[in-house]
Structures are given as C-alpha cells and as structure tokens.
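Below, read A as the first sequence line, B as the second, and so on, with proteins coming before strands; counting in each chain starts at 1.
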2 protein chains.
Amino acid sequence: MRQEKRERHTKILTALSGASSVRVAELARQFGVSTETIRRDFDELTRGGQLSRTYGGAVRMLDPGHHGEVERQSLLLAERQRIAKATVDEVADARILLIGCGATAVQVARQVAARLKDITVVTHSFAVAAAVGVNHLVEVMMIPGLYHPAKASTTGGHAIVFLQSLYADYVILGASGVTQDGPGDTLPEIAAVNTAMMSRAARCVIAADQSKFNLSSSTRYADWPQVSTFVTDAAPPAELRKTLESNRVKLLVA
Amino acid sequence: MRQEKRERHTKILTALSGASSVRVAELARQFGVSTETIRRDFDELTRGGQLSRTYGGAVRMLDPGHHGEVERQSLLLAERQRIAKATVDEVADARILLIGCGATAVQVARQVAARLKDITVVTHSFAVAAAVGVNHLVEVMMIPGLYHPAKASTTGGHAIVFLQSLYADYVILGASGVTQDGPGDTLPEIAAVNTAMMSRAARCVIAADQSKFNLSSSTRYADWPQVSTFVTDAAPPAELRKTLESNRVKLLVA
DNA sequence: TGAAAATTGTGGAAATTCCAACAATTGCAT
DNA sequence: ATGCAATTGTTGGAATTTCCACAATTTTCA
C-alpha cells in the first residue's frame, strides 16, 4: 500500500493548516501507525520543504516569499524609511510619544518598534498601533473617536477630549502638504486631531517627504513656531527654508 | 529587575518572527536563564494569546486573519454567518450598539454594515471597526485603551473608564467558552472589557458557535441572569439549555 | 525598614522523544 | 513463485523535556 504514505502526508499537512503545530505521538495515535513512521514522514516532508520540525512534532513551513512583509508602498518606501530613521533618532529619549497617521507615520512606528523600549506610544491610527504593537516592551495607547475609514484612524470630539488629559514628550506627525504657513492635511477631521496632539506635547516633529513641498490643498493644522523639527528627504525650496530658519525650526534632511 | 522579564518576552516574540519555532533549551542558553524561566515565559505568553506551545518549544500563535486560521475559519464561516444574521435580526431596532472582539463579532459587524443604517456602533476591536466602517451610514466609535496585539483590540483601564460614560441599546459579545456559569474569554483583559460593556447596555446578546459549549478554560465575564439572548448554531447540551431557561435567557439556534 | 509578593534558580523523578539497528511486512517486477 | 526494494514496526538506551516542590533572590509597598 504505497498509497497510504501519501495519504498520511496530506493528512499531516491538513492537520497542520488547522493547528499551528502537530505532535508526533498525537498523529501516530490518530493514524494508527508507529511514531517512527510519523517521524519518517516528517523527515520527508521537511526535505520537500513543506514543514519544519520541532522537538516532538512539526510546524508549518513559513513561506519564503512572505518572509518580510510585502512592501507595496511604492517607490517612496526607501525615502520614508530614511525619514523615519532620522525622526526616531530625534525622539530617542522620549518616554511618551504621540504619533499621527499616514504612510510616513507607519514607517516611524516600525522604527520605534525596532529600536525603542520602555516607552508609551499614543496614536489614533490603526496601522501605527499595529506596527508598534509587535514590540511588547512598548505600550501602545489607542485614542478613542469616530472611525475614519479612509485613514483607518479615529477622529472627532472624543479623540480631542481624550488628548486634553494627557501629556507627551514628543508628537510626530505626517502631512499631506507643507507650505510656508505650516503643515496641513487634506482632511479637516485629521487636521483637528493633529492640532490637538500638538497642544499636548513638549516638542513637535513633522515628517514629510519632498513631494509634499508647497502643496496647499489642505487644512493647515499648525504654524511653524509650534514646530520643533522638520524631517524630510531633500532640501526644501529656498523660501520654505527661510521660513523654517526664521521660526527656529530644526531642519533634518535624511 | 522586573524589566528583564518583559524584555525576554519581546525577545522571544522577536525570535519567533524570524523562525517558525523556538526551543526552550536554546533560548535558555541564549538568554542565560534557566529552562524553567523560559517555560514560565511561554506559559504567560500563551495565556496572553501570543504563542502556542510545542513539546520542547513554542511557535507563533496563528493570529486571526492569518493563513492557517483562515482555513479553519472557513470551515466555521457558514455557521458564523448564520449566527451573525440571527444576531443582527435580534438587534435590528438598536440605535447604539456595542460590539466586542473575535471572529464571530467580525461577522456580526459585516451583517450590521450590510443591513443597518442610522446607527452608532461602539467597539474596541480594530477588525470590527474596519468591517462596519465600510458603511458610511453607520457611525463607528472606537474605544480607547492599551493595544492588545493578539486580539487587535483595546483593553485596560482607559477602555473601561470610557465605557462608564456611555449608554447602548444592545451589546453583542462573542465568547471563547460558554459554560453553565456563563460566557468567558481566554484573555482576562478582554473579559474585563466585556464585563464593562455589559454594564452599559440595556440588553446583552452572546453569540458563539457550538464548538464553545462547555469550554471552561477561560475567565468568565458574565453571569447568565445578565444575558438577554444567546445565539448559536446548534442545540446546546441539556444542562446548559436548562440553565439558560431557568435564567430566562432567550435561546436562538440559527 | 520590614513584610508580602513576584521572580528566578535548583534538583530529582517521571514522561517523552530521539536515534539507530534490526526484523517484519508489503508491493511489485521478473 | 521468488527476490528485491520500499515501507513499517520494534526495541532499548541515550538525551531531552516536563513537572513539581522548595529555596534563594529581588521587587513592591505599606
């Protein structure tokens, strides 16, 4: 009965898709074969790259393709990562950190998770919370509010009221547009939360790539005097740079 | 040095994101602690839903929405959908609706998005918020709190305090176990939020499939007298049914 | 500061797994 | 039918893990 082996193999794989791990003894009992047989099955499937052994059992092989997360975040990813690294350098001494929403903020969150510890991150972005959450040495506090589907973050009165009652060392915000008037967001609801965040942090770091320079179709959520640091990936236009200087905003080009 | 434990925990999780499995002895050697300590770490992380044990080691917990779980969920998907439909029928007149977390709750959320309007949904689950959020006629309110990676939902004191200040017509909760004592959840943090939710709603609907019957390895978050309706997909065992009756819990078998 | 609680280490017995060599069985081709 | 190759079972000892109770240490808090 050569067929029985194949059958066992598929049964093993099936069992493995229902549970995160299986045990030699368990399967031997279940299939009515000896543990050695199961062991040999495992060896074979391991050679075939379908599973990987553990002491006493086996687990599903992790897809070599899905290994690192699929970064389909377009060409700007490298720039955003550079910006994020520089941003986190800037706030490395924080104990309480406010982070806004947006693609850049998520990159910052990844950096925070990878490099910081003993810190509390407060955010209204689902993506940021999830990104920081992988590090269990970092406490992630979610801000309440109305769910905003387009941004997957919370907004509105509850969010703002909640923010009134806390303090942070830094706030890190992205922007959908950066002009001489200040950073802004296309969505007024988000802008309002950003403003509230800024009022609760000792220092404010704005992170935005060069594509945001002089995009004004947005609601300004802060004035430059309130901003401590502006992190970007290319030298800003002359007028903008001048404005930053005159408002004593620290400029970081990553 | 209490910090060292948390540090170990994250290191374990980190190691687990790089490899499909880790071993007790290996980590003990690597961290310079005894195997018993690692074992205890595993126990704790298991309780927290972060990993699952194997003989001699541990593997990453299949988080909801991931590969293996998807397959197992698809087996129960039809049942969950039936349960969800019946549940939403039951609460169709709600204006403010509390929804908990878990796979069943997400199905309920989908039904709510598909069929209800002019209603406010309050939840602490990211997945539920996202599911309901597709319908722009439904307001989704997110509960604040500490982010719980395993469940992708918020927990802790902030969540509970927030709940104290609101009122809802119904609360819909899933359960990881349903016994004669009442519904329960494996994670104490989640159970605490569920309890808080129940105290704020006029009526309480518990939705759980038959696989949850008489699973007691969990923290009970409510007593039957507090429950208005129990929705499931098969007739419960006799004793459980009797308990429901004597507590005047409406039983719906979808 | 002192007591209670939490964390970690230790030691030994019991259970489990691993490994390798060998025997038994089965399928299949000649 | 015979023989070969593949598959599976068995066995025994070595290695590993688990479990439990208890001690040592550290942390917390009144």
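If you measure from atom CZ of A:R40 to atom C1' of C:dA20, you get 10 Å, rounded to the nearest angstrom. In this structure, the CG atom of B:D43 is 13 Å from the C1' atom of D:dC20, given to the nearest Å. At whole-Å resolution of the value, CZ in A:F42 and P in D:dT8 are 14 Å apart. Between B:L27 atom CG and D:dT17 atom P the separation is 11 Å, expressed in whole Å. The CZ atom of B:R6 sits 16 Å away from the P atom of C:dA6 (whole-angstrom rounding). Straight-line distance from the CD atom of B:E44 to the C1' atom of C:dT7: 10 Å, rounded to whole Å. In this structure, A:D41 atom CG and D:dA6 atom P are separated by 16 Å, rounded to whole Å. In this structure, A:R53 atom CZ and C:dT16 atom C1' are separated by 13 Å, rounded to whole Å.
Mapped onto DNA chain C by nearest heavy atom, B:E36 and B:Y55 fall at different nucleotides, with B:E36 at the one closer to the 5' end. Mapped onto DNA chain C by nearest heavy atom, A:A25 and B:T35 fall at different nucleotides, with B:T35 at the one closer to the 5' end.
For the pair B:V33/B:I38, a side-chain contact is recorded, criterion being any heavy-atom separation below 4.5 Å from C-beta on.
The side chain of A:S34 has D:dG9 as its nearest neighbour among D:dG9, C:dT8, D:dT17. Distance from the side chain of B:K5 is smallest to C:dT7 among D:dT8, D:dT17, C:dT7. The side chain of B:R23 sits closest to D:dT16 out of C:dT17, C:dG9, D:dT16.
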### Task
Go through the steps for A:R203 and A:E90 under the test salt bridge (charged side-chain N to carboxylate O under 4.0 Å, His left out), then give the verdict.
CA-CA 11 Å; A:R203 275 149 299 186; A:E90 192 69 6; over 6 Å; no
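Note on B:K5 versus B:E44: salt bridge recorded, some NZ/NE/NH1/NH2 to OD/OE distance being below 4.0 Å.
Considering all non-hydrogen atoms of both residues, A:D169 and A:R95 come closest at OD2-N, 2.7 Å.
Between A:H124 and A:F162, the gap from one ring centroid to the other reaches at least 6.0 Å.
Listed pair B:R8 / C:dT8 meets the phosphate criterion, a side-chain N or O lying under 4.0 Å from OP1 or OP2.
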